[in-house]
Amino acid sequence: MLFFLFLLLLSAASSVSAKLSLDYYNASCPRVHQIISDIITTKQINSPTTGAGVLRLFFHDCFVSGCDASVLISTNNFNVAERDADINHSLPGDAFDAIVRAKASLELQCPGIVSCADILAIATRDLVSMLGGPFYPIRLGRKDSFTSSAAYVESNLARANTSIDKIIGLFAAKGFTVRDFVALSGAHTVGFSHCSEYADRIFHFNNGGPFAYDPTMNPRFAQALQKACANYLRDPTIATFNDIMTPGKFDNLYYQNLLKGLGLLATDQKIAADPRTAPLVKLYAENQTAFFEDFAHSMQKLSIYGVKTGRYGEVRRRCDAFNNLSG
């Protein structure tokens, strides 16, 4: 049954992919890449966590109902949108702002042409490259969704303490392999996480106290986190970098850190121990080229997941509102 589902998803992805193309905007908006690049470069320079934020925003968009910019929709009196699901409350404002700015600039030069879903896909790829990661081709022609509901989010995204079994199952149900899962986890080589996402790992072992951390963690790392997060209940905005070595650089140190007990989230550290994922962690820790190649492949695969084309979507005038509500 699972194999049949995988073939069905593969067939659907191939059909959608055929409707997308690398040169989709060559005639209608030939400067689309330059316009987006100019905006996000300025944003990244002014707010250095933008790149990691946009990458996370892209994943949270695609993995719920497909890469359709549904996560960008704002809640209104009639609908609680995806961005207001509990797990999405930590999505950074700078990421949303980067896409809004790019859309505004494109609307001045190519009104009604470039979808928010394509902007998010291009911006993510460019920012990954800007941070030192791989550059990969992106097929374009996505349409923006007609719907966005917080109700569909929780069951489609993993939490920081979700079991590896469940995460592998989530990925498999969408046609993604264990290799895709481990490669895409490498996105945690940049960005940060709030203390509340890993507080259980540093405060709730061994009946509390200074040794209340997960024994799989490097002790000095765990104790430093305890100090950094001491007041997280009073200030939920306190956060630390996912990769303590090179937090602003897209590289393979995330995997090297896992082998040293320096994984921040429980799910991160678990992939270094699980026999299904550990060999890939070791491979990527030793070979950055292998990581970059697999990450690029998995991002291209992710970028066409659940894509809407033709009459199944629209090109929004504003990324945060459906056209029938944006005036």
Is a side-chain N or O of [X] found less than 3.5 angstrom from the main chain of [Y], in a donor-acceptor match?
{"X": "Asn79", "Y": "Ser148", "result": "yes"}
{"X": "Gln269", "Y": "Gly263", "result": "yes"}
{"X": "Asp84", "Y": "Ser74", "result": "no"}
{"X": "Asp61", "Y": "Val71", "result": "yes"}

**Study point:** Spatial distance of atom CD1 (Ile35) from atom CD (Glu107) [nearest 0.5 Å]
**Key:** 10.5 Å
Exercise for review: Please state whether the rings of Phe291 and Tyr284 are parallel, tilted or perpendicular, taking 30° and 60° as the class boundaries.
Suggested key: tilted
Practice item. Describe, in one word, how the ring planes of Phe171 and Phe176 are oriented to each other, choosing from parallel (under 30°), tilted (30 to 60°) and perpendicular (over 60°). Key: perpendicular
Answer yes when [X] and [Y] have at least one side-chain N-carboxylate O distance shorter than 4.0 Å, and no when they do not.
{"X": "Lys308", "Y": "Asp144", "value": "no"}
{"X": "Asp68", "Y": "Arg142", "value": "no"}
{"X": "Asp86", "Y": "Arg159", "value": "yes"}

Between [X] and [Y]: side-chain donor-acceptor atoms closer than 3.5 Å:
{"X": "Ser115", "Y": "Arg316", "value": "no"}
{"X": "Tyr136", "Y": "Ser303", "value": "no"}
{"X": "Asp118", "Y": "Tyr25", "value": "yes"}
{"X": "Thr237", "Y": "Asp235", "value": "yes"}
{"X": "Thr50", "Y": "Asp94", "value": "no"}
{"X": "Thr177", "Y": "Asp180", "value": "yes"}
{"X": "Asp268", "Y": "Tyr254", "value": "yes"}

Practice item. Share the residues that join Phe192 in a hydrophobic cluster, the rule being Ile, Leu, Val, Met, Phe, Trp or Tyr side chains under 4.5 Å apart at the heavy-atom level. Key: Phe241
Practice item. Please say whether more than 12 non-hydrogen atoms of neighbouring residues, nucleotides or ligands are located less than 6.0 Å from OH in Tyr152. Key: no
Practice item. Start with the C-alpha distance between Asn88 and His60, add both sets of side-chain angles, then the distance that settles side-chain hydrogen bond (donor to acceptor under 3.5 Å, both in side chains), and finish with yes or no. Key: CA-CA 8 Å; Asn88 283 339; His60 279 230; 2.6 Å; yes
Point to revise | Set of side chain to side chain donor-acceptor pair (under 3.5 Å) partners for Asp38, sequence neighbours left out | key: Gln34
Review point. Does the gap between the ring centers of Phe295 and Phe250 come in under 6.0 Å?
Key: yes
